Amino acid sequence: MTNTADPGQHMDVLYSELQPQLVRILATNLQAPEWVIDDACQTAWGSLLIHREAVEPGSELGWLSTTATRSALRVLRRDRRAAPLEVAEPIRLDGYRTSEPGPERQLELRERLAEIRRLPIRQQRIVLLQGMGYDYVEIAAVTGDSRRTVARQLTRARQRLARLAGEG
């Protein structure tokens, strides 16, 4: 690796030498879209520009790959949580899918939501978060509860919903 007096030129040389390796490392270690890998690499390079004095010469690739991997994982987690929930489309008897749930399915979904509204607010919040795809650890982080409390509240909510369904 060439060491030059100009830090900007040094970063240019470093980028041309390490960027292809960094992309290969991320593509091998992560199953992520190309745009996520590119974004994570650029985030890592930007961070290296800020923290270059703290990074030992010769350890840049390891530092970049760790930083880029963490960035990519954050993006993937965020996108997984923000992904829109799709209502499963019922299949009609003639084999074609309808564009939206039929009236029976809509009624069933409304009844389920009405049952959830009969739960205590705390359980409603946890059930709805789980329905949006959050796992126990993420729900605990959002609500400020422990993972065990989340599991216990979900169990109680399921039991209460089963009782409510038995009453109806």
Side-chain angles (χ1 to χ4, degrees), residues 1 7-8 10-91 97-101 105-106 108-109 112-113 115-117 119-158 161:
M1 197 173 312
H10 174 69
M11 289 301 285
D12 289 344
V13 171
L14 205 58
Y15 183 86
S16 64
E17 291 176 4
L18 299 182
Q19 179 61 14
Q21 294 174 40
L22 181 59
V23 169
R24 231 180 353 266
I25 290 169
L26 289 181
T28 302
N29 293 340
L30 300 172
Q31 293 179 341
E34 185 177 337
W35 70 268
V36 171
I37 292 173
D38 290 341
D39 188 52
C41 288
Q42 294 314 308
T43 299
W45 281 104
S47 187
L48 180 63
L49 283 172
I50 294 169
H51 302 289
R52 66 177 160 236
E53 290 82 23
V55 178
E56 291 291 322
S59 67
E60 293 94 348
L61 182 59
W63 191 91
L64 286 165
S65 65
T66 300
T67 305
T69 298
R70 289 177 180 163
S71 174
L73 291 174
R74 272 192 306 274
V75 168
L76 292 171
R77 277 192 300 270
R78 183 189 67 221
D79 282 357
R80 186 183 73 208
R81 280 187 290 224
L85 298 176
E86 297 178 19
V87 176
E89 297 178 38
I91 298 176
R97 290 190 174 272
T98 60
S99 60
E100 60 183 50
R105 179 74 173 138
Q106 287 180 358
E108 179 188 342
L109 292 173
R112 285 186 183 179
L113 282 173
E115 290 173 356
I116 291 172
R117 286 189 193 108
L119 295 172
I121 296 293
R122 184 179 191 187
Q123 290 176 5
Q124 285 181 37
R125 190 174 301 127
I126 290 173
V127 167
L128 291 173
L129 286 169
Q130 187 185 39
M132 287 188 269
Y134 286 69
D135 63 23
Y136 286 21
V137 174
E138 292 168 328
I139 294 171
V142 169
T143 62
D145 295 326
S146 69
R147 187 195 167 289
R148 176 146 169 77
T149 298
V150 169
R152 193 175 358 189
Q153 290 298 318
L154 281 170
T155 299
R156 289 177 183 165
R158 284 188 200 104
L161 289 171

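Just so we're clear, the structure is a prediction, and the values are computed from it rather than from any experiment. In this chain, numbering begins with 1 at the start of the sequence shown. Only heavy atoms go into these numbers, but all of them, side chains included; no hydrogens, no water, no symmetry mates.
Pairing each heavy atom of Ala72 with each of Leu30, the nearest pair is CB-CD1, 3.5 Å. The shortest heavy-atom contact between Ala40 and Ala68 is CB-O, 3.2 Å. Taking each heavy atom of Trp45 and Leu22 in turn, the nearest pair found is NE1-CD2, 3.6 Å. Ser16 approaches Val13 most closely through the heavy-atom pair OG-O, 2.9 Å. The minimum heavy-atom distance between Val127 and Ala157, with the atom names listed, is CG2-CB, 3.6 Å.
With contacts defined as side-chain heavy-atom distances shorter than 4.5 Å, the pair Glu34/Ile37 does not qualify. By the 4.5 Å heavy-atom criterion applied to side chains, Gln106 and Leu109 are not counted as neighbours. The side-chain heavy atoms of Ile126 and Tyr134, taken from C-beta on, include no pair separated by under 4.5 Å. You'll find the side chain of Thr43 stays beyond 4.5 Å of the side chain of Thr67, heavy atoms only. Between Gln153 and Leu119 there is no side-chain heavy-atom pair separated by less than 4.5 Å. Residues Leu64 and Ile25 form no side-chain contact, since every pair of their non-hydrogen atoms from C-beta on lies 4.5 Å or further apart. Looking at heavy atoms from C-beta onward, Gln42 lies in side-chain contact with Gln19 at the 4.5 angstrom threshold. Between Trp63 and Glu56, every side-chain heavy-atom pair lies at or beyond the 4.5 Å cut-off.
Heavy atoms of other residues, nucleotides or ligands lying less than 6.0 angstrom from CZ of Arg70 number 12 at most.
With hydrogens and angles left out, the side-chain atoms of Thr66 and Thr69 include no donor and acceptor closer than 3.5 Å.
No donor-acceptor distance shorter than 3.5 angstrom exists from the side chain of Glu115 to the backbone of Leu161, with no hydrogens or angles considered.
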